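Inspection log for the structure reproduced underneath, given as structure tokens.
As the structure is a prediction and not an experimental result, all values here were calculated from the model.
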Amino acid sequence: MSRRKKAEETAPEPSRVAGGCVLAVLVLGLGAVLFAVLGTLAVLVVWTVGALALWRTVRRPVSDSSAPPPPREGRPSCRECAGHTLVSVASSGTQKGMLIYKTASPERPNHTHVHIAPGEVNER
């Protein structure tokens, strides 16, 4: 009885990779038989399956987990623009309700740091 228990305990589990390979071979074999028997109809079936897969991919909603956080009101700040002087604020021509903030660094006079944030330009 101890031999039987050892044999049961050491029985290898089926591999997922092996199962995937078997499934791929079956699908390819079925496709080859389909092409051999049906000819032109098999080509139409492949095009239909491809079109359905493309349609499903296009119709799937896109996750916005990688979307940036919404911008905050007021002058933006970051580690790079600490100590910079504000050069100009202008409204964006392409994005309504957005402002372009330009700041200058005292260490790098030819460098302009730019932020885009929501807001309105106060005309004087």
Side-chain angles (χ1 to χ4, degrees):
M1 202 135 126
S2 64
R3 286 184 187 176
R4 186 177 287 168
K5 283 186 179 180
K6 284 184 181 178
E8 288 176 6
E9 289 176 7
T10 60
E13 293 185 25
S15 170
R16 287 185 174 200
V17 174
C21 289
V22 169
L23 183 62
V25 167
L26 289 175
V27 168
L28 290 174
L30 181 64
V33 169
L34 185 68
F35 275 105
V37 174
L38 300 177
T40 306
L41 185 61
V43 173
L44 292 174
V45 168
V46 168
W47 274 98
T48 304
V49 168
L52 287 174
L54 180 63
W55 180 79
R56 182 173 178 253
T57 302
V58 170
R59 299 291 297 169
R60 185 174 43 203
V62 177
S63 169
D64 55 332
S65 62
S66 63
R72 296 185 307 257
E73 290 290 330
R75 182 177 172 191
S77 63
C78 69
R79 275 185 272 153
E80 270 189 60
C81 63
H84 288 197
T85 56
L86 184 62
V87 175
S88 69
V89 178
S91 60
S92 173
T94 58
Q95 299 177 354
K96 293 196 180 254
M98 300 297 279
L99 298 177
I100 302 172
Y101 290 89
K102 293 181 184 177
T103 59
S105 170
E107 295 89 33
R108 298 171 65 188
N110 295 330
H111 175 75
T112 303
H113 189 75
V114 177
H115 280 281
I116 298 178
E120 294 179 13
V121 174
N122 295 330
E123 297 294 328
R124 293 178 194 197

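Residues meeting the side chain to side chain contact (heavy atoms under 4.5 Å, CB included) test with Val17, sequence neighbours left out: Ser15, Cys21. For Val22, the side chain to side chain contact (heavy atoms under 4.5 Å, CB included) test picks out Leu26, with sequence neighbours left out.
Linking ILVMFWY side-chain heavy atoms closer than 4.5 Å, directly or via other members, places Leu28 and Leu30 in two distinct hydrophobic clusters. Linking Ile, Leu, Val, Met, Phe, Trp and Tyr residues whenever their side-chain heavy atoms come within less than 4.5 Å places Val114 and Met98 in a single cluster. Residues Tyr101 and Val87 fall into different hydrophobic clusters, defined by Ile, Leu, Val, Met, Phe, Trp and Tyr side chains chained together at heavy-atom separations under 4.5 Å. Put simply, Val43 and Val33 are part of two different groups of oily side chains (I, L, V, M, F, W, Y) that touch within less than 4.5 Å, one to the next. Cluster annotation: Phe35 and Trp47 are assigned to the same hydrophobic cluster (Ile/Leu/Val/Met/Phe/Trp/Tyr, side-chain heavy-atom contacts under 4.5 Å, transitive).
For the residue pair Leu44 and Thr48, the shortest heavy atom distance occurs at O-OG1, 2.7 Å.
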